[in-house]
**Q** 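So that we are looking at the same thing, I have put the structure below in structure tokens.
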Amino acid sequence: DAGVTQSPTHLIKTRGQHVTLRCSPISGHKSVSWYQQVLGQGPQFIFQYYEKEERGRGNFPDRFSARQFPNYSSELNVNALLLGDSALYLCASSWAFEAFFGQGTRLTVV
Amino acid sequence: EDQVTQSPEALRLQEGESSSLNCSYTVSGLRGLFWYRQDPGKGPEFLFTLYSAGEEKEKERLKATLTKKESFLHITAPKPEDSATYLCAVQADNYGQNFVFGPGTRLSVLP
């Protein structure tokens, strides 16, 4: 069985640019969440989507947005990138109360 | 304020030297407490879910326990391949299906 897949695995962007990260959940999972993990810290919740609707939003600026598609895959968009956005971005696919994470996208902003 | 803390921040063990990692939480309406293992540069790997005080779960050399205020991850006779960061996370009534993570404990097991 395929797990949660994220693309790309690594990305380097310049300050002020825009980035789109993609996630495909485990087959049959309808909920996708996004987390940001800065080096040395635990992941922080950004968004949750269920059945294409936003179900939760963390304490992140409006530069961060997301959406979920009819096939339950999801995109995370970040506008006007700042150096502080450099992090590992994790996608989690959920069934009931349990969540399974992808390998993440390492974003470096220079 | 809801909070999840983990101790110690880092732990070095000799191979075979058993120890415990702690996760303390202050949340209202706990739905579940989760343990994940994370290797450098990788996504967290699910280990255990605990739902109620007194519950215990085991997997190979790992055993997780839960009380009303904290959880312990006991590692028995660890091996070098157990070296990783261990993350604790909680789900609570206020968060829907989302997690609040602790900062993690970095475990190094030396041969």
Side-chain angles (χ1 to χ4, degrees), chain A residues 3-11 21 23-26 29-51 53-60 66 68 86-108, chain B residues 1-10 21-25 27 29-52 55 57 59 64 66 71 73 84-106:
Chain A
V4 180
T5 57
Q6 293 187 241
S7 63
T9 53
H10 295 83
L11 203 51
L21 310 181
C23 172
S24 292
I26 293 170
H29 288 194
K30 299 181 180 179
S31 176
V32 169
S33 298
W34 288 94
Y35 290 79
Q36 181 196 65
Q37 187 176 24
V38 173
L39 199 62
Q41 297 181 20
Q44 275 202 294
F45 170 67
I46 309 175
F47 285 110
Q48 188 212 356
Y49 277 78
Y50 179 78
E51 290 277 20
E53 289 190 4
E54 182 183 303
R55 291 296 185 91
R57 173 185 288 248
N59 188 23
F60 280 80
Q68 187 177 32
S86 296
L88 181 67
Y89 287 85
L90 296 163
C91 172
S93 166
S94 298
W95 174 256
F97 293 118
E98 297 188 355
F100 300 90
F101 286 84
Q103 293 301 286
T105 293
R106 169 67 64 188
L107 172 65
T108 303
Chain B
E1 181 184 332
D2 295 341
Q3 193 168 313
V4 179
T5 59
Q6 291 186 246
S7 61
E9 183 178 321
L21 314 183
N22 176 266
C23 171
S24 296
Y25 61 92
V27 296
L30 179 75
R31 287 186 179 179
L33 186 139
F34 301 76
W35 282 98
Y36 286 86
R37 168 196 169 124
Q38 187 174 30
D39 293 306
K42 305 288 186 184
E45 175 190 342
F46 173 77
L47 293 174
F48 301 110
T49 309
L50 301 165
Y51 291 107
S52 57
E55 190 175 357
K57 289 197 177 168
K59 179 181 178 179
L66 180 65
S71 176
L73 184 66
T85 295
Y86 290 85
L87 295 165
C88 163
V90 299
Q91 272 188 351
D93 289 342
N94 290 340
Y95 313 144
Q97 283 188 313
N98 310 314
F99 294 96
V100 174
F101 278 88
T105 293
R106 286 192 319 278

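Since the model is a prediction, treat every value here as computed from it, not as a measurement.
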**Q** So which heavy atom on Leu90(A) is nearest to which on Gln38(B), and how close?
**A** CD1-NE2, 4.5 Å
**Q** Which residues pass the ring-ring contact (aromatic ring centres under 6.0 Å, His included) test with Tyr86(B), not counting sequence neighbours?
**A** none
**Q** Side chain from CB out, backbone as N, CA, C, O: work out which of these in Thr9(A) comes under 4.5 Å of a heavy atom of chain B, or both, or neither.
**A** neither
**Q** Based on non-hydrogen pairs under 4.5 Å, which of Pro44(B), Pro103(B), Gly104(B) is most in contact with chain A?
**A** Pro44(B)
**Q** Working to the nearest 0.5 Å, report the span between CD of Glu45(B) and CZ of Phe101(A).
**A** 12.5 Å
**Q** Given heavy-atom pairs under 4.5 angstrom as the criterion, report whether the side chain, backbone, both or neither of Glu98(A) touches chain B.
**A** both
**Q** Which pair of heavy atoms, one from Gly42(A) and one from Leu87(B), lies closest together, and at what distance?
**A** CA-CD2, 4.2 Å
**Q** Might you point out which heavy atoms bring Asn98(B) and Ser33(A) nearest each other, and give the distance in Å?
**A** OD1-OG, 3.8 Å
**Q** So which part of Gln6(B) gets closer than 4.5 Å to some heavy atom of chain A, the side chain, the backbone, both or neither?
**A** neither
**Q** Can you say whether Ala99(A) sits under 4.5 Å from chain B via the side chain, the backbone, both, or neither, judging by heavy atoms?
**A** both
**Q** More than 12 heavy atoms of other residues, nucleotides or ligands under 6.0 Å from CD of Glu9(B): yes or no?
**A** no
**Q** My understanding is that only residues two or more places apart in sequence, or in another chain, count here; which of them pass side chain to side chain contact (heavy atoms under 4.5 Å, CB included) with Glu54(A)?
**A** Phe47(A), Tyr49(A), Arg57(A)
**Q** Between Gln6(A) and chain B, with a heavy-atom cut-off of 4.5 Å, which part of the residue counts as in contact: side chain, backbone, both or neither?
**A** neither
